[in-house]
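Below you'll find the structure, written out as structure tokens, and then a few comments.
Nothing here was measured: the structure is a model prediction, and the numbers come from that model. Hydrogens, waters and symmetry mates play no part in the numbers below; they use all other heavy atoms, side chains included. Counting convention: from 1, in listed order, for ligands and their atoms alike.
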Amino acid sequence: MDTVVSGIRPTGNLHLGNYFGAVRNFIKMQQDYNSFFFVADYHSLTTHPNPADLNTSVRQVLAEYLACGIDPEKCTLYIQSDVPETAELYLLLNMLAYVGELERSTSFKDKIRMHPDNVNAGLLTYPVLMAADIIIHRAHKVPVGKDQQQHLEMTRNFVNRFNHLYGVNYFPEPEAFNFSEELIKVPGLDGSGKMGKSAAEGNTIFLVDEPEAIRKKVMRAVTDTGPVEPNQPKSESIANIFTLMKLVSDSDTVEHFESSYNNCTIRYGDMKKQLAEDMIRFIAPIQQQIKKFFADTELLHTIVSHGAEKAKESAAITVNEVRKIIGIKKF
Ligand code: TYM
């Protein structure tokens, strides 16, 4: 049976980008794969979060995972730092990662542009830690959004380098995965770019957003002056609104607005009203569950303790094998 691994950084609440880019795929995969899902708390340390906030964010992401339908009976759900074997594998993989390739990573370049005052080594080696997360369970598939594609390519490079250097075929080559044909990028509401935690306020719809907040954000979404001729190609901001609508609305609704766009009768205000209501309807059942899980400390504790045990068992096998392959042996 193929193995699946994926994680999310606890740096804020989950949003629709996380849901449709990654979590929706986890949920489908947990039935049929040997699945590991974790909260990537080590990864979030690059920005030096305040310790109390970090703890709350880990708990929040866990509650959100569970509310979305991640089922600890079907998969292994754990917190990254509960499995320190990952940190050992990260150290070992660092010997196979070249500074030049790490410096060329798009996410590193973006981060140093955004935070020139905090270009720490953890940022540079972020893709190595991510590779360690993935190969610690010898994963085959990694459900992620399009923004993580390059990290997966880097993981494959490290895997191939390891297998080649030591003349083994120990690690499978993991691939980024989405049930649709392609990895997806959920757009934000500001007319360009992706939905994301660090993007401007108003660009992102969080799973904990109250209906009024969703209506406000969606009604402010960037549009254009409207089509002036039939079947006119869509501007980026309008294409983004259609993309979001395809995720949360039923197909009749999407078709209705497609045809009114194509015959130039569309009213963007109506479309946005509909989109906001469909987002609210989509999020409502998840939101109720988030509150329930977040309040149940005992349940969360039981789930992650059990998850850590299972994840450590799998990770220890890999680390012991890797030590042997590399030549680290007990006297
Ligand atoms: P993070 O926490 O930024 O995002 C978590 C997941 O959500 C996806 N995502 C999106 N997908 C589509 N459209 C969007 N607008 C959008 N925004 C976010 C991301 O692609 C990701 O799948 N480095 C990772 C966390 C991580 C990880 C791993 C993932 C650490 N180790 C090992 C997979 C395997 C990150 O920062 O994701």
Side-chain angles (χ1 to χ4, degrees), residues 3-27 29 35-47 49 57-58 60-62 64-65 68 70 76 78-81 83 86-87 89-90 93 105-108 110-111 114 122-123 125-156 158-159 174-180 182-190 192-200 203-207 240 243-244 246-247 311 315:
T3 296
V4 170
V5 172
S6 202
I8 291 189
R9 267 173 311 145
T11 48
N13 294 108
L14 294 198
H15 50 75
L16 287 179
N18 298 133
Y19 183 85
F20 288 108
V23 179
R24 180 175 60 167
N25 290 286
F26 298 175
I27 297 164
M29 295 177 102
S35 309
F36 295 86
F37 304 129
F38 63 93
V39 181
D41 57 345
Y42 282 152
H43 274 102
S44 66
L45 298 176
T46 54
T47 54
S57 299
V58 169
Q60 182 70 27
V61 170
L62 267 177
E64 289 172 336
Y65 263 158
C68 289
I70 289 189
T76 302
Y78 67 101
I79 298 170
Q80 186 185 31
S81 61
V83 184
T86 306
L89 187 58
Y90 164 61
L93 277 185
S105 124
T106 318
S107 63
F108 179 65
D110 286 349
K111 297 253 166 66
M114 281 183 326
L123 269 185
T125 57
Y126 187 103
V128 187
L129 180 55
M130 213 174 129
D133 293 326
I134 295 168
I135 70 174
I136 194 92
H137 305 299
R138 302 181 60 213
H140 303 89
K141 290 192 164 56
V142 187
V144 283
K146 198 164 174 52
D147 58 322
Q148 299 296 323
Q149 194 163 24
Q150 193 181 34
H151 287 151
L152 262 295
E153 272 162 34
M154 295 173 87
T155 302
R156 281 195 293 280
F158 304 146
V159 157
E175 55 170 2
F177 184 83
N178 189 292
F179 276 101
S180 62
E182 290 186 354
L183 299 181
I184 70 163
K185 177 180 107 175
V186 177
L189 294 166
D190 64 0
S192 66
K194 64 166 186 165
M195 187 172 283
K197 297 167 201 164
S198 48
N203 189 40
T204 299
I205 302 288
F206 295 97
L207 300 181
N240 286 351
T243 301
L244 289 167
K246 281 180 198 144
L247 295 172

Hey, what's the ring geometry for His151 with Tyr126, parallel, tilted or perpendicular (30° and 60° as the breaks)? tilted
Is there at least one pair of N or O atoms, one from Asp133 and one from ligand 1, spaced under 3.5 Å apart? yes
Top protein contact for atom 13 (N) of ligand 1, by heavy-atom distance: Val186 N, 2.7 Å
Residue part near ligand 1, for Leu129, under 4.0 Å between non-hydrogen atoms: neither
Rounded to the nearest 0.5 Å, the CG atom of Asn178 sits from the CG atom of Asn25 at a distance of 4.0 Å
Short list, please: which atoms of ligand 1 are under 4.0 Å from a heavy atom of Lys185? 12 (C), 13 (N)
Could an N or O of ligand 1 be found under 3.5 Å from any N or O of Gly17, whether backbone or side chain? yes
Are any of the N/O atoms in Lys194 less than 3.5 Å from those in ligand 1? no
Ligand 1 N/O within reach of Gly145 N/O, cut-off under 3.5 Å: yes
Please report the closest heavy-atom contact between Phe158 and Ala131, naming both atoms and the distance. CD1-CB, 3.6 Å
What protein heavy atom is closest to atom 23 (N) of ligand 1, reported as residue, atom name and distance in Å? Tyr126 OH, 2.8 Å
Counting from 1 in the order shown, the ligand 1 atoms closer than 4.0 Å to a non-hydrogen atom of Ala40 are 30 (C)
Atoms of ligand 1 under 4.0 Å from any heavy atom of Ala22, numbered from 1 in the order shown, are 6 (C), 7 (O), 22 (O)
Residue portion contacting ligand 1 (non-hydrogen atoms closer than 4.0 Å) for His15: side chain
Tell me the protein heavy atom at minimum distance from atom 28 (C) of ligand 1, and give that distance in Å. Met130 CG, 3.2 Å
For ligand 1, is there an N or O atom under 3.5 Å from any N or O atom of Arg9? yes
Given side-chain contact (heavy atoms from CB on, under 4.5 Å), test Asn13 with Gln60 step by step and report yes or no. CA-CA 7 Å; Asn13 294 108; Gln60 182 70 27; 3.0 Å; yes
Return yes when Gly196 approaches ligand 1 closer than 4.0 angstrom through a heavy atom, no otherwise. no
Has Tyr65 got a side-chain atom pairing as donor or acceptor with Val23's backbone, closer than 3.5 angstrom? no
Could you see which bit of Phe38 sits under 4.0 Å from ligand 1, with heavy atoms only: side chain, backbone, both or neither? side chain
Which of the numbered atoms in ligand 1 are below 4.0 angstrom from a heavy atom of Val142? 33 (C), 34 (C)
Which protein non-hydrogen atom lies closest to atom 37 (O) of ligand 1, naming both residue and atom, and how far is it? Gln148 NE2, 3.7 Å
Show the numbers, then the answer: is there a side-chain contact (heavy atoms from CB on, under 4.5 Å) between Arg24 and Ile184? CA-CA 12 Å; Arg24 180 175 60 167; Ile184 70 163; 4.3 Å; yes
Hey, mind stepping through Ile8 and Val39 against side-chain contact (heavy atoms from CB on, under 4.5 Å) and telling me if it holds? CA-CA 5 Å; Ile8 291 189; Val39 181; over 6 Å; no
Ignoring hydrogens and geometry, is there a side-chain-to-backbone donor-acceptor pair from Thr125 to Val128 under 3.5 Å? no
Any side-chain donor paired with an acceptor under 3.5 Å for Gln149 and Glu153? no
Closest candidate by heavy atom, reference atom 7 (O) of ligand 1, pool Asn18, Val61, Asn203: Asn18
Ligand-residue contact atoms, ligand 1 with Ile134, heavy atoms, under 4.0 Å: 32 (C), 34 (C)
For atom 26 (C) of ligand 1, which protein heavy atom lies nearest, and how many Å away is it? Gly7 O, 3.7 Å
Which of the numbered atoms in ligand 1 are under 4.0 angstrom from any heavy atom belonging to Gly21? 11 (N), 12 (C)
Show your working on side-chain contact (heavy atoms from CB on, under 4.5 Å) between Val144 and Ser6 and close with a plain yes or no. CA-CA 7 Å; Val144 283; Ser6 202; 3.8 Å; yes
For Phe177 together with His140, are the ring centres under 6.0 Å from each other? no
Proximal candidate to atom 12 (C) of ligand 1 [heavy atom criterion; set Ile184, Thr204, Thr11, Leu152]: Ile184
Taking Glu64 for the side chain and Leu207 for the main chain, is one N or O donor matched with an acceptor at less than 3.5 Å? no
Do ligand 1 and Met195 have nitrogen or oxygen atoms that lie under 3.5 Å from each other? yes
Quick one: does Asp190's side chain have a donor or acceptor within less than 3.5 Å of a partner on Asn203's backbone? no
Out of Val39, Asp147, Val144, whose heavy atom sits nearest atom 19 (C) of ligand 1? Asp147
Pro143 and Val4 have their tightest heavy-atom pair at CD-CG1, 3.4 Å
